[in-house]
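Just below is one structure, and these are the notes that go with it.
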There are 2 protein chains.
Amino acid sequence: MAAGMPDTAESPDKTRQRILTAAAEVFAETGFRNATIRQIVEKAGANIAAVNYHFGGKNQLYTAVFEQAMSAGFAEYPVNLDLPPDPTPEQRLLAFVRSFFLRAFVGQGCGTHLGRLILREMVEPTAELNRRITDTMRPMAEHLRQIVQQIVSRPLSDDEAFLFSTSIISQVVFHKHCREVIARMFPSRTYGRDELEQLARHVTDFSIAGLHAMRSKAIGKRAP
Amino acid sequence: MAAGMPDTAESPDKTRQRILTAAAEVFAETGFRNATIRQIVEKAGANIAAVNYHFGGKNQLYTAVFEQAMSAGFAEYPVNLDLPPDPTPEQRLLAFVRSFFLRAFVGQGCGTHLGRLILREMVEPTAELNRRITDTMRPMAEHLRQIVQQIVSRPLSDDEAFLFSTSIISQVVFHKHCREVIARMFPSRTYGRDELEQLARHVTDFSIAGLHAMRSKAIGKRAP
DNA sequence: TGACATTTGAAACGCACGTTTTAATACTGA
DNA sequence: TCAGTATTAAAACGTGCGTTTCAAATGTCA
């Protein structure tokens with residue numbers, strides 16, 4: 001089963017790596033089920049049997065792609081990106097939002113495809129989604145909850161934490177998830193570095209204002 | 001080609017209608033490409049040839065499903081739902097947000113599936129998306145822009161209108177688009193009538209606070 | 001170099017899909 | 001009732017998919 005060389009990702013231009021790169025693009029572009037192995041190996045310049053030889057099948061290739069994309073994205077843009085020591089809660093929120101945008105839109109290598117891979121998971125979840133939730137999303141949600149709690153400067157019920165956190169995260173992922181609609185309705189909109197910085201600032205400011213308004217407002221299951 | 005009877009949707013329990021209903025569920029559940037005609041006709045209790053006979057093929061069946069779902073949803077929950085005469089901008093925003101949630105989560109008949117059908121279009125757009133954008137989304141965006149402009153009580157640049165509107169809409173569609181993640185991370189969360197009312201109130205309040213903070217703040221392409 | 005494992009290549013297998021075909025059945029109107 | 005049409009039914013067609021097979025090519029170490 002195992003080759004003489006270790007599996008650690010070293011070999012520079014080998015077939016395995018080329019397939020991984022090509023598969024990231026194809027999976028992100030067309031989704032798991034629509035993507036075809038023939039399409040992937042053609043883009044990778046490999047033979048059709050190479051996927052089954054190196055990865056064991058389409059499913060395991062997808063898992064490998066997802067892991068590589070996920071770790072690459074967070075390695076390049078951690079949630080505390082560019083944060084000074086002893087940051088204010090508002091600075092922490094900006095870093096959270098900004099790194100999220102960068103991860104979703106400019107992460108180089110496989111990073112760019114991460115957002116689309118996750119969107120695919122939203123629509124047709126595979127076993128990967130459960131892994132990424134416990135690996136990544138749950139810690140991120142807890143991180144965000146603490147930031148929000150600091151900004152509101154009072155303890156939050158689970159209900160409130162849910163509402164506030166989703167209000168913030170939704171403003172980020174929207175631009176990834178609704179990309180096709182945005183591109184059609186606002187053709188002049190692009191997502192270069194400048195626009196992303198502007199977006200991150202806006203989402204942070206907008207959300208902080210919303211959170212400040214919630215400082216003195218308890219939310220129960222039924223609103224008044 | 002045409003039958004003796006007119007094509008107007010009258011015949012109560014006929015094969016055509018059963019297929020339409022079944023197809024709405026299957027398309028919403030599994031997407032256009034993953035959905036199979038065999039699966040649809042089995043659920044509808046019809047023969048496999050019936051789809052091609054009544055609709056002309058899988059594509060045209062999808063179009064029919066989408067049109068039915070879209071019109072049913074907006075007929076049941078228009079953007080001005082339950083609005084009093086001479087409403088305030090804040091009331092108009094609540095009605096907009098609330099009807100959006102209801103359309104996405106409780107629309108009966110085919111309405112329930114509408115949100116998921118649209119989500120599918122986000123991921124792999126078909127020709128339907130362009131139609132729905134000009135039919136529905138563009139008017140809705142213009143409607144929202146006017147509400148936002150009233151709340152901010154100053155004219156908005158295109159950039160500002162885009163940012164403010166997406167900040168609001170994103171908070172609604174998030175709950176539909178990220179349904180699979182939310183269900184896994186917050187298993188106790190449901191989307192019954194009470195929760196939807198609470199959500200609509202929260203999103204509206206949160207957004208109004210954000211908008212009020214933007215009253216005196218012009219946004220250019222580059223933030224300070 | 002030469003034996004041997006690793007990797008590639010081309011062809012084929014088995015399966016599920018959308019669609020078409022062809023015949024049988026149900027319905028309609030004189 | 002009985003033509004004639006509309007609808008349903010069953011089987012097959014052609015295609016593309018993931019995967020498998022197995023021989024050829026490539027690399028590795030004595």
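Ring planes of Tyr191(A) and Phe105(A): parallel class, angle under 30° (limits at 30 and 60°). Ring geometry, His143(B) versus Phe96(B): the interplanar angle falls under 30°, so the pair is classed parallel (tilted spans 30 to 60°).
In this structure, His202(B) has its ring center closer than 6.0 angstrom to the ring center of Phe164(A).
Taking atom CG of Asn47(A) as the reference point, atom C1' of dA24(D) lies 12 Å away to the nearest angstrom. Rounding to whole angstrom units, OH of residue Tyr53(A) and C1' of dA5(C) are separated by 9 Å. Straight-line distance from the CZ atom of Arg16(B) to the P atom of dT8(D): 12 Å, rounded to whole Å. One can place NZ of Lys14(B) at 8 Å from C1' of dT7(D), the figure rounded to the nearest angstrom.
A salt bridge is absent between Arg189(A) and Asp158(B); no separation between the charged side-chain nitrogens and carboxylate oxygens falls under 4.0 Å. Between Glu76(A) and Arg103(A) there is no salt bridge, since no side-chain nitrogen of the basic residue lies less than 4.0 Å from a carboxylate oxygen of the acidic one.
Geometric assessment of Arg120(B) against the ring of Phe32(B) yields a negative cation-pi assignment under the 6.0 Å and 45° thresholds.
Thr190(A) and Glu195(A) are linked by a side-chain donor-acceptor pair at a separation below 3.5 angstrom, with hydrogens and angles left out of the test.
A close approach under 4.0 Å does not occur between any side-chain nitrogen or oxygen of His54(B) and OP1 or OP2 of dA6(D).
When the local axes at the two ends of the helix from dT1(C)-dA30(D) to dA30(C)-dT1(D) are compared, using 5 base pairs at each end, they differ in direction by 10° after rounding to 10°.
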Table of protein N/O atoms under 3.5 Å from nucleotides 16-23 of chain C N/O atoms:
| from | atom 1 | to | atom 2 | distance (Å) |
| --- | --- | --- | --- | --- |
| dG18(C) | OP1 | Ala35(B) | O | 3.1 |
| dG18(C) | OP1 | Ile37(B) | N | 3.4 |
| dG18(C) | OP1 | Lys58(B) | NZ | 3.1 |
| dG18(C) | OP2 | Ile37(B) | N | 2.9 |
| dG18(C) | N7 | Arg38(B) | NH1 | 2.9 |
| dG18(C) | O6 | Arg38(B) | NH2 | 3.1 |
| dT19(C) | OP2 | Lys58(B) | N | 3.0 |

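Looking at residues two or more places apart in sequence or on another chain, you find a side-chain hydrogen bond (donor to acceptor under 3.5 Å, both in side chains) between Asp82(B) and Arg98(B).
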